[in-house]
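Quick note: residue numbers are just sequence positions, from 1. Because the structure is a prediction, the values reported are computed rather than measured.
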Amino acid sequence: MSPDEARFPMVPPLCATLGVKGHRPTVGTRDCKDLLYVFEVVNLVTAAVHANTLENPKNTKKNTGPGKTRRMQAAFADHLRHIGHMYPRRSTHGWCC
(Lines give C-alpha, C1' and ligand atoms only; values in the text may rest on other atoms or scores of the structure.)
Protein backbone atom coordinates (compact mmCIF):
# COMPACT_ATOMS: atom_id res chain seq x y z
CA MET A 1 0.00 0.00 0.00
CA SER A 2 1.14 3.50 -0.73
CA PRO A 3 -0.72 6.25 1.21
CA ASP A 4 -0.82 9.92 0.30
CA GLU A 5 -2.63 13.13 1.24
CA ALA A 6 -3.06 16.25 -0.88
CA ARG A 7 -4.61 19.69 -0.55
CA PHE A 8 -6.22 21.51 -3.46
CA PRO A 9 -7.05 25.22 -3.17
CA MET A 10 -10.35 25.96 -4.86
CA VAL A 11 -9.23 29.32 -6.29
CA PRO A 12 -10.37 29.84 -9.86
CA PRO A 13 -7.76 31.18 -12.30
CA LEU A 14 -8.01 34.53 -13.98
CA CYS A 15 -9.48 34.35 -17.44
CA ALA A 16 -9.26 36.45 -20.57
CA THR A 17 -11.88 38.98 -21.53
CA LEU A 18 -12.65 41.23 -24.45
CA GLY A 19 -12.38 44.97 -24.13
CA VAL A 20 -12.60 48.20 -26.03
CA LYS A 21 -9.29 49.48 -27.43
CA GLY A 22 -7.86 52.17 -25.17
CA HIS A 23 -9.85 51.09 -22.07
CA ARG A 24 -8.49 48.61 -19.58
CA PRO A 25 -11.16 46.01 -18.76
CA THR A 26 -11.55 44.71 -15.23
CA VAL A 27 -11.67 40.99 -14.67
CA GLY A 28 -13.16 39.87 -11.38
CA THR A 29 -12.47 36.66 -9.52
CA ARG A 30 -14.22 34.86 -6.74
CA ASP A 31 -12.60 35.60 -3.40
CA CYS A 32 -12.54 31.97 -2.41
CA LYS A 33 -10.31 30.38 0.20
CA ASP A 34 -12.01 26.97 0.15
CA LEU A 35 -9.81 23.87 0.23
CA LEU A 36 -10.33 20.25 -0.73
CA TYR A 37 -8.28 17.59 1.06
CA VAL A 38 -7.87 14.13 -0.48
CA PHE A 39 -6.67 11.05 1.42
CA GLU A 40 -5.80 8.10 -0.76
CA VAL A 41 -4.17 4.71 -0.78
CA VAL A 42 -2.90 2.90 -3.86
CA ASN A 43 -2.65 -0.89 -3.77
CA LEU A 44 0.71 -1.48 -5.46
CA VAL A 45 -0.23 -5.04 -6.44
CA THR A 46 -3.65 -4.46 -8.00
CA ALA A 47 -3.35 -0.70 -8.75
CA ALA A 48 -6.67 -0.13 -6.94
CA VAL A 49 -7.07 3.44 -5.69
CA HIS A 50 -9.15 4.17 -2.57
CA ALA A 51 -9.73 7.88 -1.90
CA ASN A 52 -11.74 9.95 0.56
CA THR A 53 -12.21 13.71 0.46
CA LEU A 54 -12.76 16.43 3.03
CA GLU A 55 -14.11 19.80 1.96
CA ASN A 56 -12.89 22.74 4.00
CA PRO A 57 -14.93 25.85 3.15
CA LYS A 58 -13.56 29.18 4.35
CA ASN A 59 -16.02 29.65 7.24
CA THR A 60 -16.45 26.01 8.29
CA LYS A 61 -15.43 26.52 11.92
CA LYS A 62 -18.08 29.20 12.40
CA ASN A 63 -20.72 26.92 10.86
CA THR A 64 -19.86 23.54 12.41
CA GLY A 65 -17.94 24.20 15.60
CA PRO A 66 -14.89 21.87 15.43
CA GLY A 67 -11.66 23.38 14.16
CA LYS A 68 -9.67 22.30 11.12
CA THR A 69 -7.36 19.99 13.09
CA ARG A 70 -10.29 18.06 14.62
CA ARG A 71 -12.03 17.75 11.24
CA MET A 72 -8.79 16.52 9.63
CA GLN A 73 -8.24 13.97 12.41
CA ALA A 74 -11.81 12.67 12.09
CA ALA A 75 -11.56 12.49 8.29
CA PHE A 76 -8.24 10.62 8.47
CA ALA A 77 -9.63 8.17 11.05
CA ASP A 78 -12.64 7.56 8.75
CA HIS A 79 -10.23 6.99 5.87
CA LEU A 80 -8.24 4.44 7.90
CA ARG A 81 -11.47 2.63 8.87
CA HIS A 82 -12.48 2.55 5.19
CA ILE A 83 -9.13 1.02 4.21
CA GLY A 84 -9.39 -1.43 7.12
CA HIS A 85 -12.76 -2.64 5.78
CA MET A 86 -11.36 -2.94 2.24
CA TYR A 87 -8.34 -4.95 3.40
CA PRO A 88 -9.24 -6.91 6.53
CA ARG A 89 -6.49 -8.63 8.47
CA ARG A 90 -5.73 -12.14 7.31
CA SER A 91 -6.38 -14.98 9.73
CA THR A 92 -3.10 -16.75 8.91
CA HIS A 93 -0.17 -16.66 11.29
CA GLY A 94 2.29 -15.56 8.62
CA TRP A 95 3.15 -12.14 7.25
CA CYS A 96 0.15 -9.85 7.10
CA CYS A 97 -0.75 -6.36 5.88
Side-chain angles (χ1 to χ4, degrees):
M1 296 289 183
S2 178
D4 196 11
E5 178 265 332
R7 179 182 80 166
F8 299 97
M10 305 307 285
V11 178
L14 289 175
C15 56
T17 187
L18 297 175
V20 178
K21 187 174 182 177
H23 297 286
R24 178 177 227 148
T26 57
V27 179
T29 62
R30 235 178 14 134
D31 184 21
C32 179
K33 306 236 188 250
D34 296 349
L35 297 170
L36 176 68
Y37 292 91
V38 179
F39 303 101
E40 74 175 36
V41 170
V42 177
N43 184 327
L44 299 176
V45 175
T46 65
V49 177
H50 304 282
N52 293 309
T53 60
L54 171 65
E55 293 182 22
N56 190 27
K58 182 179 173 183
N59 296 322
T60 302
K61 185 173 181 179
K62 293 177 187 176
N63 298 333
T64 62
K68 177 181 139 186
T69 302
R70 293 284 181 215
R71 287 192 317 276
M72 290 286 287
Q73 289 171 341
F76 188 67
D78 289 343
H79 175 66
L80 292 177
R81 279 191 285 278
H82 170 77
I83 298 305
H85 289 296
M86 296 300 295
Y87 298 96
R89 181 175 214 159
R90 296 179 188 165
S91 60
T92 61
H93 296 288
W95 180 80
C96 170
C97 279

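Contact of the His79 side chain with the Leu54 side chain is not registered, since no non-hydrogen atoms from C-beta on lie closer than 4.5 Å.
The salt bridge (Lys or Arg N to Asp or Glu O under 4.0 Å) test applied to Arg70 returns no partner, not counting sequence neighbours.
Of the inter-residue distances, the one linking Glu40 atom CD with Ile83 atom CD1 reads 9.5 Å to the nearest 0.5 angstrom. In this structure, Tyr37 OH and Arg71 CZ are separated by 8.5 Å, a value rounded to the nearest 0.5 Å. Gln73 contributes atom CD, which lies 6.5 Å from atom OG1 of Thr69 (distance to the nearest 0.5 angstrom).
Scanning both residues, Asn43 and Val45, for their nearest heavy atoms gives OD1-N, 2.8 Å. Between His50 and Ala48 the shortest heavy-atom distance is NE2-CB, 3.9 Å.
Follow the hydrophobic side-chain contacts under 4.5 Å out from Tyr87 and you never reach Val42; the two are in separate clusters.
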Working note: His82 + Phe39, criterion side chain to side chain contact (heavy atoms under 4.5 Å, CB included); need CA distance, chi angles, decisive distance, verdict.
CA-CA 11 Å; His82 170 77; Phe39 303 101; over 6 Å; no
